[in-house]
Protein chains: 2
Amino acid sequence: MRRMTARPANAHQGRLLRLLRDGGPNSRAQLGDLVDLSRSKLAVEVDRLLETGLVVADGLAASRGGRRSHNLRLAPALRFLGVDIGATSIDVAVTNAELEVLGHLNQPMDVSEGPVAVFERVLAMAEKLKASGVAEGFDGAGIGVPGPVRFPEGVPVAPPIMPGWDGFPVREALSQDLGCPVMVDNDVNLMAMGEQHAGVARSVGDYLCVKIGTGIGCGIVIGGQVYRGTTGSAGDIGHIQVQPDGRACACGNLGCLEAHFSGAALARDAEDAARSGRSAQLAARLEAAGELTAADVSAAAAAGDTVALELIREGGQRLGQVIAGLVSFFNPGLVVIGGGVTGLGHTLLASVRTQVYRQSLPLATRNLPIVLGELGPTAGVIGAARLISDHVFSPA
Amino acid sequence: MRRMTARPANAHQGRLLRLLRDGGPNSRAQLGDLVDLSRSKLAVEVDRLLETGLVVADGLAASRGGRRSHNLRLAPALRFLGVDIGATSIDVAVTNAELEVLGHLNQPMDVSEGPVAVFERVLAMAEKLKASGVAEGFDGAGIGVPGPVRFPEGVPVAPPIMPGWDGFPVREALSQDLGCPVMVDNDVNLMAMGEQHAGVARSVGDYLCVKIGTGIGCGIVIGGQVYRGTTGSAGDIGHIQVQPDGRACACGNLGCLEAHFSGAALARDAEDAARSGRSAQLAARLEAAGELTAADVSAAAAAGDTVALELIREGGQRLGQVIAGLVSFFNPGLVVIGGGVTGLGHTLLASVRTQVYRQSLPLATRNLPIVLGELGPTAGVIGAARLISDHVFSPA
DNA sequence: CGACTTCTTCCACTCCCGGGACAAAGAGTC
DNA sequence: GACTCTTTGTCCCGGGAGTGGAAGAAGTCG
């Protein structure tokens, strides 16, 4: 069932919609303070938005000393679908027009099973959310995939960890199935947008968002906009060399960051440590589970296991080395570290900070916060919703 | 003598001025094809520009099959001053409104002599150019300095190689002395703008411009605009670590790129090679001149000296290592290498290319040209003129 | 209850802009 | 050289967008 969502007729209306999205319900007068339009003009545009149904009246606003104003808010029935496809799991969430998460599902699934199987699952999860009553239909969907994307077309290109996805028309296909507008982007970029919208990066124009999961990627935000590079592969820092003649990487080179530090590398190192008997804790966990993950390392470290701590510390140093270079080059106003292994938390952060503050130039690091993402697994889905809402809230 | 240059009254006029600057003289009709304005509107704006004197009529245009059109061109008396202050020399040039260089002077001078002495010299050079008849006054001046700049104010901040320049109000002071608008930027950024305006980077939106001089810097161009970072120090890649526990750098760290490869490092390596007797050629040059520079290495390499070639090859490898990382991160559409040691030319280029194509991901390098800058020492001054012309040709 | 403030609506006026009509100037053809 | 066709420049009209003032509605505060 196709749902015809109205679109703003001009840039002013788009601006107003985004203000209502980011700032919540607001009165006409307050909007007037923000947008620099004459009262009459503002009234006209608001009336048109009310006509389209994108905006509705919502009671009286608090008085500012005189006549009380009527509040405006985005249509409460608007729903966006945020989908974050990771290497080994899928997150699907439903948000309202203000991008508040109303329902969120997570299921393990290997992305290598291919686009058809994955999207079958995604659609099933979306149906489940609908059935739970949080949505009747969707006005747009944002999709994140763990690899480079040709953004305008919404098609993955040459994704290393996603065999079978190269060239699959994700945007086209899902737009058909869901009956609503769809945008596709790299999962890291979406995390960056999520942290910017609702997380630690609010009010920062230029920043970097490093996501450590199965691999490592970096979202680049410039002037509030995600920068994607010439072919859509910007931020692909997992294969920067951190050690000449270092470990062999799946990409064919030696010493890549990902080979030395990432969810996958950490798990392998931990298993090594367990088998060689260097860490009793890790050995016990290996015994119990049959395999180790980054989460096990995190737990062991929290329990005081020195080998686990050392692994994290060393990884943070590698990561810090790369980030230091990027900071010198890009001079961001903030660095956010997030992703699956954020559980490593402050041990990792301390190690990264030490390395960056030591290696980068003082001018670039003087006021540079390096922090953990605060949204965890919802960063991706919120970013996805944000992506598509930017699209829906822009004139066609 | 203050020269009051008119400014465009609106964005349309600015657009037209920049079109005339970049495309040369043009007829109304051709401009109409480019700007998507109605003929009436275009006529009005052109008339106003003619009134201000920024644009003048210039004979008849070639016929396109019907009535011939009158050509328009930017006022032939407009003059921009481009100043490129390097670590050890100063370039000053005068351009017309189309940014063609009408006169160019170069003098050796050490930037460490301080801003007052340097600008005295700059003003003298500007006077000399005036005296030679290429200009009567200046409608704007762009200044490049070898260090980070707080761009909006036009003030150098914490420049490592420019003691005494920190906080010196360059823009303010020169604007007073020259009696025209002045903009200040990092020399590397100006080189990037120069190569974009008149060099190899025409028609490329996102690219990197690596300048190798006494130090090493990198201009970052995104969507045709220079990116300067949060504090104006973006592109400062000279102190990215290329070797853990490598050579000591003036900045206090170990293994910085600049310590291993730059004009200064190359000269030092060459002297070592000469003294230790490994290279007869270099020894002879050292004997003759008393000291060696990057140019000597370049000349020796051209003459077939294997030690010099090896130095260049090794340096290119270091540089390529860093560029490979930046390419993965930034995914540019082009990489330009320029600066004083471009004389090292194709030996260096080959070495860099090898390293980048081997280390970066195929998706990022698939269509990535890595080339030498084609403007040489004029890139900086043209970029400076471009900077200020963008300012002058924008509505106030 | 009255003075003052804030918010909303209405309206007249201005300005911008697009497009059509027309004239001017050239090219090409016979 | 006359004629047609095309391109270019100019003029004018009408529609639409936007501004700011004024008046009215709905509050607060003393």
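First the proteins, then the strands, lettered A, B, ... as listed; each starts at 1. Since this is a predicted model, take the numbers as computed values, not measurements.
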### Task
Pick base, sugar-phosphate or nothing for B/Ala43, based on heavy-atom distances below 4.0 Å to the nucleic acid.
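If one applies the 4.0 Å heavy-atom cut-off, B/Ala43 turns out to touch nothing in the nucleic acid.
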### Over 12 non-hydrogen atoms of neighbours within 6.0 angstrom of CG in B/Asn367
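Open.
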### Task
Give a yes or no on whether A/Gln225 atom CD has more than 12 heavy-atom contacts from other residues, nucleotides or ligands under 6.0 Å away.
no
### Message
Testing the 3.5 Å rule here: is there a donor-acceptor pair between the side chains of A/Arg68 and A/Ser27?
### Response
no
Listed partners of [X] passing side-chain contact (heavy atoms from CB on, under 4.5 Å), at least two apart:
X        : value
B/Leu102 : B/Arg79, B/Asn96, B/Val134
B/Arg228 : B/Phe151, B/Asp185, B/Asn189, B/Val226, B/Leu387
B/Asp47  : B/Arg28, B/Leu50
B/Glu45  : B/Asn10, B/His12, B/Gln13, B/Leu16, B/Lys41, B/Arg48

Rounded to the nearest Å, what distance is computed from the [atom1] atom of residue [X] to the [atom2] atom of nucleotide [N]?
X       : N      : atom1 : atom2 : value
B/His70 : D/dT8  : NE2   : C1'   : 10 Å
B/Arg28 : D/dC11 : CZ    : C1'   : 14 Å
A/Asp47 : D/dA17 : CG    : P     : 14 Å
A/Leu42 : D/dA17 : CG    : P     : 16 Å

Which protein N or O atoms sit under 3.5 Å from an N or O of nucleotides 26-30 of chain D?
{"residue": "D/dA26", "atom": "O4'", "partner": "A/Arg67", "partner atom": "NE", "Å": "3.4"}
{"residue": "D/dT28", "atom": "O4'", "partner": "A/Gly65", "partner atom": "O", "Å": "3.4"}

For nucleotides 12-18 of chain C, list the nitrogen or oxygen atoms of the protein found under 3.5 Å from its nitrogen or oxygen atoms, one pair per line.
{"residue": "C/dC17", "atom": "OP1", "partner": "B/Lys41", "partner atom": "NZ", "Å": "3.4"}
{"residue": "C/dC17", "atom": "OP2", "partner": "B/Lys41", "partner atom": "NZ", "Å": "2.2"}
{"residue": "C/dG18", "atom": "OP2", "partner": "B/Ser38", "partner atom": "N", "Å": "3.4"}
{"residue": "C/dG18", "atom": "OP2", "partner": "B/Ser38", "partner atom": "OG", "Å": "2.7"}
{"residue": "C/dG18", "atom": "N7", "partner": "B/Ser40", "partner atom": "OG", "Å": "3.4"}

### Query
Quick one: do B/Asp139 and B/Arg7 make a salt bridge, cutoff under 4.0 Å?
no
